[in-house]
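Single-structure report; data block below.
These numbers come from a predicted model, not from an experiment.
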Amino acid sequence: MKVLITDDEAMIRAGIRAILDNDDGLEVIGEAADGIEAVDLVRRHRPAVVLLDIRMPRRDGLAAAAEIRRLAPDTGVLMLTTFGEDEYIVRALAAGASGFLLKSSDPRELTAAIRAVAAGAAYLSPRVAHRVITELAGVRLGAGAAARTRVDALTDREREVLALVGEGLSNAEIGRRLFLVEGTVKAYVSSLMSRLGVRNRVQAAIVAYEAGLL
């Protein structure tokens, strides 16, 4: 599984590489010091997952995430940040990130997050997830009605798949739950995301939450 590391601090990149090099299932295909380099390396190598720091010179992680999602939609974007920068969460998810992880997380959480994102699932560090839930709890009342209207346009099967996406399940896990092959699940996910007008699974999960599917 090819992974690209992006951070403007060389010591951070070295530390992450050391963790990933100890995992036989992961291959670091390069390092980038800013968003411009990250986009160029994604274009050339098409990694399964790119790790993006949020604050970087020239082009920050938020701008790079949005461009990577347009350039290589099959590449999962996992944002890395430090504690106290959680005000970027919503912006990062809106930019197309599939995961959000604190740099202070346990190394095992890093590898688990990479695998989850590569499998097509969303991953939020527990502390980040708490912040997202808090944000969602404060959404305006009209959001629920709007989300239900969007979800009503889906087929029954697409709504089933959307609910499981909202639970954070990968395509393979959804397939096992609904007795479908993974390719069929992928087609359903792609279709429902297009019909909902969302760019990634996290945004789809938010619609599922607001519509009351979870």
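Note that CG of D53 is 7.5 Å distant from CE of M79, once rounded to the nearest 0.5 Å. In this structure, D8 CG and I54 CD1 are separated by 12.0 Å, a value rounded to the nearest 0.5 Å. Considering CG of L4 and CD of E37, their distance stands at 9.5 Å, rounded to 0.5 Å. In this structure, T75 OG1 and H45 NE2 are separated by 12.0 Å, a value rounded to the nearest 0.5 Å. Of the inter-residue distances, the one linking E109 atom CD with I19 atom CD1 reads 11.5 Å to the nearest 0.5 angstrom. For the atom pair L80 CG and I12 CD1, the distance stands at 9.0 Å (nearest 0.5 Å).
Contact record, G61 with L52: O-CD1, 3.7 Å, taken as the closest heavy-atom pair. For M56 against G35, the heavy-atom pair with the smallest separation is CE-N, 3.6 Å. Across A113 and L101, no two heavy atoms sit closer than the pair CB-CD2, 4.3 Å. Listed here is the closest heavy atom pair of G166 and A205: CA-CB, 3.7 Å. Counting all heavy atoms, side chain and backbone alike, D34 lies closest to P57 at CB-O, 3.2 Å. For the pair S170 and A119, the tightest heavy-atom approach, listed with the atom from each and the gap, is CB-O, 3.8 Å.
Here the side chain of T81 pairs no donor or acceptor atom with the backbone of L102 at under 3.5 angstrom. Remark: the backbone N or O of L154 is paired with a side-chain donor or acceptor of R159 at under 3.5 angstrom. With T111 contributing its side chain and R108 its backbone, the two residues share a donor-acceptor pair below 3.5 Å. A donor-acceptor pair is defined here as one N or O able to donate and one able to accept, closer than 3.5 Å; such a pair exists between the side chain of R195 and the backbone of A153. Between the R150 side chain and the L196 main chain, a donor and an acceptor come within less than 3.5 Å of each other.
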Going through the checks in order, is the side-chain contact (heavy atoms from CB on, under 4.5 Å) test met by V3 and I29? CA-CA 6 Å; V3 182; I29 54 89; over 6 Å; no
T6/L41 under side-chain contact (heavy atoms from CB on, under 4.5 Å): CA gap, chis, key distance, verdict: CA-CA 10 Å; T6 309; L41 289 173; over 6 Å; no
Go through D106 and L110 one step at a time and tell me if the side-chain contact (heavy atoms from CB on, under 4.5 Å) criterion holds. CA-CA 7 Å; D106 186 278; L110 171 62; over 6 Å; no
Would you please test R177 and E160 for salt bridge (Lys or Arg N to Asp or Glu O under 4.0 Å) and show each step? CA-CA 10 Å; R177 183 78 66 90; E160 283 185 293; over 6 Å; no
For Y123 and I114, run side-chain contact (heavy atoms from CB on, under 4.5 Å): C-alpha distance rounded to whole Å, both residues' side-chain angles, the deciding distance at 0.1 Å, then the answer. CA-CA 9 Å; Y123 188 93; I114 290 173; over 6 Å; no
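The pair E27-K2 fails the salt-bridge criterion, with no side-chain N (NZ, NE, NH1 or NH2) lying under 4.0 Å from an Asp/Glu carboxylate O. We find that K103 and D7 are joined by a salt bridge, their nearest charged nitrogen and carboxylate oxygen being less than 4.0 Å apart. A salt bridge does not link R148 with E210: every distance from a Lys NZ or Arg NE/NH1/NH2 to an Asp or Glu carboxylate oxygen is 4.0 Å or more. Remark: D23 engages R115 in a salt bridge, criterion side-chain N to carboxylate O under 4.0 Å.
I5 is listed as a side-chain neighbour of L20, based on a closest heavy-atom distance under 4.5 Å. Looking at heavy atoms from C-beta onward, E31 lies in side-chain contact with R17 at the 4.5 angstrom threshold. The closest side-chain heavy-atom distance from I68 to V39 is below 4.5 Å. Between V185 and L178, the closest side-chain pair of non-hydrogen atoms is not below 4.5 Å. Side-chain contact check for L71 versus R43: some heavy-atom pair is nearer than 4.5 Å. In this structure, Y188 and L180 have side chains that are in contact, with non-hydrogen atoms separated by less than 4.5 Å. The shortest distance between side-chain heavy atoms of P47 and V42 falls below 4.5 Å.
In the hydrophobic cluster analysis, where Ile, Leu, Val, Met, Phe, Trp and Tyr join through side-chain heavy atoms closer than 4.5 angstrom, V117 is grouped apart from L169. No chain of hydrophobic side-chain contacts below 4.5 Å, direct or via other Ile, Leu, Val, Met, Phe, Trp or Tyr residues, connects V207 to V202. L164 and I206 fall into different hydrophobic clusters, defined by Ile, Leu, Val, Met, Phe, Trp and Tyr side-chain heavy atoms under 4.5 Å apart, directly or through other members. Both L62 and V50 are assigned to one and the same hydrophobic cluster, defined by single-linkage of ILVMFWY side chains at heavy-atom distances under 4.5 Å. The cluster map of Ile, Leu, Val, Met, Phe, Trp and Tyr, joined by side-chain heavy atoms under 4.5 Å apart, puts I174 and V198 in the same cluster.
If you check the side chains of S191 and E158, you find a donor sitting under 3.5 Å from an acceptor. Checking R201 against N171 by side-chain atom types alone, a donor-acceptor pair falls below 3.5 Å.
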